[in-house]
Participant: 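To start, I am sharing the structure in question, which I have written as structure tokens.
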Amino acid sequence: MSKKTIEKYIPKAMEILNDTFKDGIFPSSYNGYISSFGASVMQSGLKPTLALFENKDANTKEKKEVLTNIILSILDKNANEDTLLEYVLNSKEDGNYLKQKILDISISVKLCLRTFKKGD
């Protein structure tokens with residue numbers, strides 16, 4: 001994790017968050033989801049965490065895959081894959097390097113979400 005790298009992702013994160021939450025309000029459950037994302041990656045690994053976050057049948061208040069889609073948009077706006085998990089599985093990049101980039105992006109998203117109001 002590098003402050004400089006995280007700072008580099010903040011403008012793009014703000015742009016995508018503004019497009020996603022046009023009214024400036026995000027569901028409060030996303031705050032917990034993005035906060036737990038990094039810890040889950042560190043404990044369980046990147047691929048298991050992404051599989052959990054992109055589970056379409058998960059019984060969660062809000063769809064967690066919205067956050068992984070935001071991360072994917074910041075990581076590679078021209079990605080051919082529909083999900084971040086697919087992107088990671090198909091990537092030719094070094095696994096540890098890609099994992100660190102995704103963690104840095106998730107931190108930038110977490111920081112930028114603090115500039116929005118929490119909804120219900």
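In this chain, residues are counted from 1 in sequence order.
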Participant: Contact between Leu75 and Leu98 at the side-chain level, heavy atoms closer than 4.5 Å - yes or no?
Facilitator: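 Leu75 reaches Leu98 side chain to side chain.
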Participant: Which distance, rounded to the nearest 0.5 Å, do you find between the CG of Leu67 and the CG of Leu50?
Facilitator: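 That separation rounds to 11.5 Å.
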Participant: What class does the angle between the rings of Phe21 and Phe26 fall in, given that below 30° is parallel, 30 to 60° is tilted and above 60° is perpendicular?
Facilitator: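 Answer is tilted, since the angle falls between 30° and 60°.
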Participant: For Gln100 and Asp104, which I'm curious about, is there any donor-acceptor pair between the side chains at under 3.5 Å?
Facilitator: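 Result is yes, a qualifying pair exists.
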Participant: Between Lys101 and Tyr9, which heavy-atom pair has the shortest distance, and what is it?
Facilitator: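 For Lys101 versus Tyr9, the nearest heavy atoms are CG-OH, 3.8 Å.
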Participant: What's the spacing between Leu17 CG and Leu111 CG if we round to 0.5 Å?
Facilitator: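 It is 11.0 Å, given to the nearest 0.5 Å.
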Participant: Given side chains that start at C-beta, do those of Glu65 and Thr83 come closer than 4.5 Å, heavy atoms only?
Facilitator: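 Contact flag for Glu65/Thr83 side chains = no.
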Participant: What closest approach, in Å, do Leu46 and Lys99 show between heavy atoms, and which atom pair accounts for it?
Facilitator: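 Residues Leu46 and Lys99, closest heavy atoms: CD2-CA, 3.9 Å.
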Participant: Could you check if a side-chain atom of Tyr87 sits within less than 4.5 angstrom of a side-chain atom of Glu93, using non-hydrogen atoms only?
Facilitator: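 When only atoms from C-beta onward are counted, Glu93 and Tyr87 do touch, with a gap below 4.5 Å.
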Participant: Show your working on side chain to side chain contact (heavy atoms under 4.5 Å, CB included) between Leu103 and Met42 and close with a plain yes or no.
Facilitator: CA-CA 9 Å; Leu103 284 171; Met42 297 310 289; 3.8 Å; yes
Participant: Looking at Glu7 and Lys4, is any side-chain nitrogen of the basic one under 4.0 Å from a carboxylate oxygen of the acidic one?
Facilitator: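 Looking at Glu7 together with Lys4, the answer is no, because their closest N to O distance does not fall below 4.0 Å.
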Participant: Are the side chains of Phe37 and Ile107 in contact, using a 4.5 Å heavy-atom criterion?
Facilitator: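 They are not in contact (no side-chain heavy atoms under 4.5 Å apart), so the answer is no.
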Participant: Quick check for you: to the nearest 0.5 Å, what is the distance between Thr68 atom OG1 and Tyr33 atom OH?
Facilitator: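 Between Thr68 OG1 and Tyr33 OH, I get 12.0 Å after rounding to 0.5 Å.
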Participant: Side chains of Ser91 and Tyr97: closer than 4.5 Å at any heavy-atom pair?
Facilitator: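 Sidechains of Tyr97 and Ser91: no contact.
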Participant: Looking at Gly119 and Ser28, what are the two nearest heavy atoms and their distance?
Facilitator: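 Closest approach of Gly119 to Ser28, heavy atoms only: O-CB, 3.3 Å.
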Participant: Out of curiosity, Asn69 CG to Ile74 CD1, how far, rounded to the nearest 0.5 Å?
Facilitator: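 Going from the CG atom of Asn69 to the CD1 atom of Ile74 covers 11.0 Å.
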Participant: Output the distance between atom SG (Cys112) and atom CD1 (Ile105), rounded to the nearest 0.5 Å.
Facilitator: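 So the gap between those two atoms works out to 11.5 Å.
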Participant: Minimum heavy-atom separation for Leu72 and Glu81, please, with both atom names.
Facilitator: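 Answer, listing the atom of Leu72 first, then Glu81: CD2-O, 3.9 Å.
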Participant: Between atom NZ of Lys63 and atom CG of Asn55, what is the distance when rounded to the nearest 0.5 Å?
Facilitator: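 Result: 12.0 Å between the selected atoms.
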Participant: Could you tell me which non-hydrogen atom of Ile10 sits nearest to which non-hydrogen atom of Ser108, and how far apart they are?
Facilitator: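 Where Ile10 meets Ser108 most closely, the heavy atoms are CG1-CB, 3.9 Å.
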Participant: List the steps and the verdict of side chain to side chain contact (heavy atoms under 4.5 Å, CB included) for Ile102 and Ile71.
Facilitator: CA-CA 7 Å; Ile102 290 170; Ile71 292 169; 4.0 Å; yes
Participant: Given Phe116 and Met14, is the side chain to side chain contact (heavy atoms under 4.5 Å, CB included) satisfied, shown in steps?
Facilitator: CA-CA 10 Å; Phe116 290 76; Met14 281 302 294; 4.2 Å; yes
Participant: Check whether Ser106 reaches the backbone of Gly38 with its side chain - one donor and one acceptor, N or O, closer than 3.5 Å.
Facilitator: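 No: the side chain of Ser106 does not pair with the backbone of Gly38.
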Participant: Here's a test for you: under side chain to side chain contact (heavy atoms under 4.5 Å, CB included), which of Ile34, Asp19, Leu84, Thr20 qualifies with Ile70?
Facilitator: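 The side chain to side chain contact (heavy atoms under 4.5 Å, CB included) with Ile70 is passed solely by Thr20 among Ile34, Asp19, Leu84, Thr20.
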Participant: If you look at every heavy atom in Ser73 and Ile16, which pair is closest and at what distance?
Facilitator: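 Closest pair (atom of Ser73, atom of Ile16, distance): CB-CD1, 3.4 Å.
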